[in-house]
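Being a predicted model, the structure only gives us computed values, none of them experimental. Each chain gets a letter, A, B and so on, in the order its sequence line appears, and its residues count up from 1. Values below: every heavy atom of this structure, side chains too, minus hydrogens, waters and symmetry copies.
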Amino acid sequence: MAREILYVVLPCYNEEDNIRKLVEKWKNEENQLRKKNIDLSLVLVNDGSIDNTLNIANSLGALYHSIEVLSHTTNLGLGEAVNTGINYVISQNNKGLLCVMDADLTHSPYYVHSMIDKLKEEGLSCVIASRYRRGSKVEGLSLMRKLLSSLARIIYTFTLSIKDVRDYTCGYRLYETKALMDLSKKYNGKIIRERSFACMMELLFKFDKEGFKIGEVPFVLKYQLKGGKSKMRIFKTANRSLMLIGKLKKLVNEGII
Amino acid sequence: MKNKIIFISILLLVIMISAVEIYAADEVRYIRGIEIDGNFDDWDGKPHIIDNEDDIRSDWLNFTKVGYFADDQYLYIYAERLSSKSFYPWRFNVVILNAKEGKQRYDYIPTKYEYDDKDKYYQPTRYRKRKYAQFQISTDYSYYRNKKGTPIGISFNGKKIETVLLDSNSNKRIEFKLPLDKVGLDKENIDVKFMIKSSFDIKSYRKGLYPYDWVADGKPIIITTGPTYWQISSIPFFIMTIFIVKRKYRKGQETENSSKETI
């Protein structure tokens, strides 16, 4: 059986408290992945951090040959960081898997195994670690944030209604690299145009538009483990998301995407 | 009287020839005045075509005005459209009708349009099918206004040739230049005959209407670096007319003289 590579893209902005711990957690999963004929490769994308993130990332890169460090000189936003990671993986020209997750320790690498199994067994192109499946749980999140998340979920479900998707915004996802290569060709090497947190919804929308199958697995979001302050500006993100839905719908209606 | 006719004829001929020279000189002056820099002021007063707005349903594909120029190296084009939304891309082809090289793609060019009162739409009723060399012009859609300028991708028969960066804040206007050596029209005093064809319009197609916007409707845009065939052919026509008038005048004189002699 041919070996595959699992690329894990970790967009980092001021994650000096978390990055080393997260890399260690991934290294703990490495043996189990090898048993599945999967090699692990971590891609740390420093998005113009103003703390010690880049230095720590570089030292980790020097320590492990399976870690690649990419860096933006200025903070360009989550969308650009994910784009940089995706483009790096595509440039490696290896058919395999790409996992994107938050680098603030709220997402555990443990769930990647169930995501890989789901993707392979059901022939999917994308699997989301969902907060809204049986067995899912959200810990440590304020009531206000929970309410806003639920509201966003309702809006997305009514406006986008992607089959088998309940969690449109979660940043913990597994993609098939071949599907990303196809999308990259279609969008001239820039799949994501949105820079804010709404970029996750944009990527999902484009996957669905292209006819790729998407599935979900349950996971537990541990917000209490989060190191440092949240970078998400709630109202700005909500505003951008609503505007983005309108624009995406318009672009589809005009036959542009 | 005879001398008067000769004098007027020579005067008209001189005026006409000098007008031809001014036309050619104007072309050269205009070309020097155009720079692809996102500043559209240099297009003021330059030759242009106003396009019909009732020939396509999607505003982002609907051309309203096209300006044009050519020197011995480039074809310069300015285009304006109905939509000004910044996130819409530009997607269209420049079809070179008299290309000497690179003829690769078949196209049906509408040669006649009729207005459909029911749909309020200009529909082509006659086409001409031929192989044409085509430049593809495109910009990416964006959710953000690009402060540095909009990169315009230019391809020739599917192969990327160059990208120019220009400022178009409203995304309503665009200017670019096309290398004429790709189509073998890059020498001096060669006419350029072209048309502009929008990308496929899904909105018009869904309504069963013709899904492309062509500029100009039903006829090509011709840029000439010297006098036109019309101007050249009008000179012998003018001389012939003068000759006929002169003969008629002489005949009239002779008839008058003979009737005087009879009296």
Side-chain angles (χ1 to χ4, degrees), chain A residues 47-48 72-84 86-87 156 159-160 169 183-206 209-210 233 236-257, chain B residues 56-63 81-93 136-155 158-165 170-172 174 197-213:
Chain A
D47 187 24
H72 294 162
T73 48
T74 53
N75 180 236
L76 300 176
L78 180 64
E80 286 294 329
V82 175
N83 253 339
T84 302
I86 288 174
N87 286 342
Y156 288 139
T159 51
L160 302 178
T169 52
L183 273 184
S184 180
K185 265 185 208 161
K186 184 176 174 181
Y187 293 103
N188 292 328
K190 199 169 181 184
I191 305 173
I192 301 171
R193 301 295 167 100
E194 178 59 40
R195 293 173 206 161
S196 74
F197 283 80
C199 68
M200 300 316 286
M201 181 265 287
E202 181 191 9
L203 188 53
L204 202 63
F205 181 83
K206 286 178 175 170
K209 209 71 229 150
E210 213 51 32
R233 281 186 275 170
K236 191 191 168 194
T237 304
N239 183 33
R240 288 285 328 161
S241 301
L242 290 173
M243 275 170 63
L244 187 63
I245 291 171
K247 283 175 181 174
L248 283 171
K249 288 266 175 192
K250 224 167 197 176
L251 289 169
V252 169
N253 196 32
E254 299 279 4
I256 296 167
I257 59 171
Chain B
I56 203 157
R57 286 286 182 257
S58 291
D59 290 354
W60 69 284
L61 293 170
N62 197 342
F63 292 107
R81 63 179 173 182
L82 212 54
S83 169
S84 62
K85 291 206 169 70
S86 61
F87 63 93
Y88 283 147
W90 285 87
R91 282 178 198 167
F92 59 94
N93 286 10
Q136 290 87 40
I137 318 300
S138 63
T139 66
D140 280 339
Y141 68 88
S142 174
Y143 310 132
Y144 296 94
R145 200 160 278 181
N146 193 338
K147 283 174 192 162
K148 287 178 190 168
T150 307
I152 304 173
I154 298 173
S155 308
K159 283 184 188 164
K160 201 167 183 181
I161 49 171
E162 66 178 286
T163 300
V164 285
L165 194 76
S170 70
N171 218 359
K172 196 180 169 74
I174 194 171
K197 179 194 181 186
S198 77
S199 170
F200 184 84
D201 177 30
I202 200 152
K203 268 190 184 172
S204 303
Y205 176 75
R206 279 179 193 148
K207 287 175 181 165
L209 303 169
Y210 183 69
Y212 298 101
D213 186 11

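For the pairing with B/D140, the salt bridge (Lys or Arg N to Asp or Glu O under 4.0 Å) check across A/K186, A/K190, A/R193 returns one residue only, A/R193.
With values rounded to the nearest 0.5 angstrom, A/E254 atom CD is found 4.0 Å from B/Y88 atom OH. The distance from the OG1 atom of B/T139 to the CG atom of A/N188 is 10.5 Å, given to the nearest 0.5 Å. Summarising the geometry, atom CD1 belonging to A/I256 is positioned 7.5 Å from atom CZ belonging to B/F87; distances are rounded to the nearest 0.5 Å. To the nearest 0.5 angstrom, B/Y141 atom OH is 6.5 Å from A/L251 atom CG.
By the 6.0 Å contact criterion, NZ on A/K206 is enclosed, its count of non-hydrogen atoms from other residues, nucleotides or ligands being greater than 12.
The contact between B/R91 and chain A is made entirely by side chain atoms (from C-beta outward), counting heavy-atom distances below 4.5 Å.
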Could you list the donor-acceptor pairs under 3.5 angstrom formed between side-chain atoms of residues 238-245 of chain A and any protein atom two or more places apart in sequence or on another chain?
| unit_1 | atom_1 | unit_2 | atom_2 | d |
| --- | --- | --- | --- | --- |
| A/R240 | NE | A/E194 | OE2 | 3.0 |
| A/R240 | NH2 | A/E194 | OE1 | 2.8 |
| A/S241 | OG | A/Y156 | OH | 3.0 |
| A/S241 | OG | A/T237 | O | 2.7 |

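Contacts between residues 203-212 of chain B and chain A, defined by a heavy-atom separation under 4.5 Å, are made by B/K203, B/R206.
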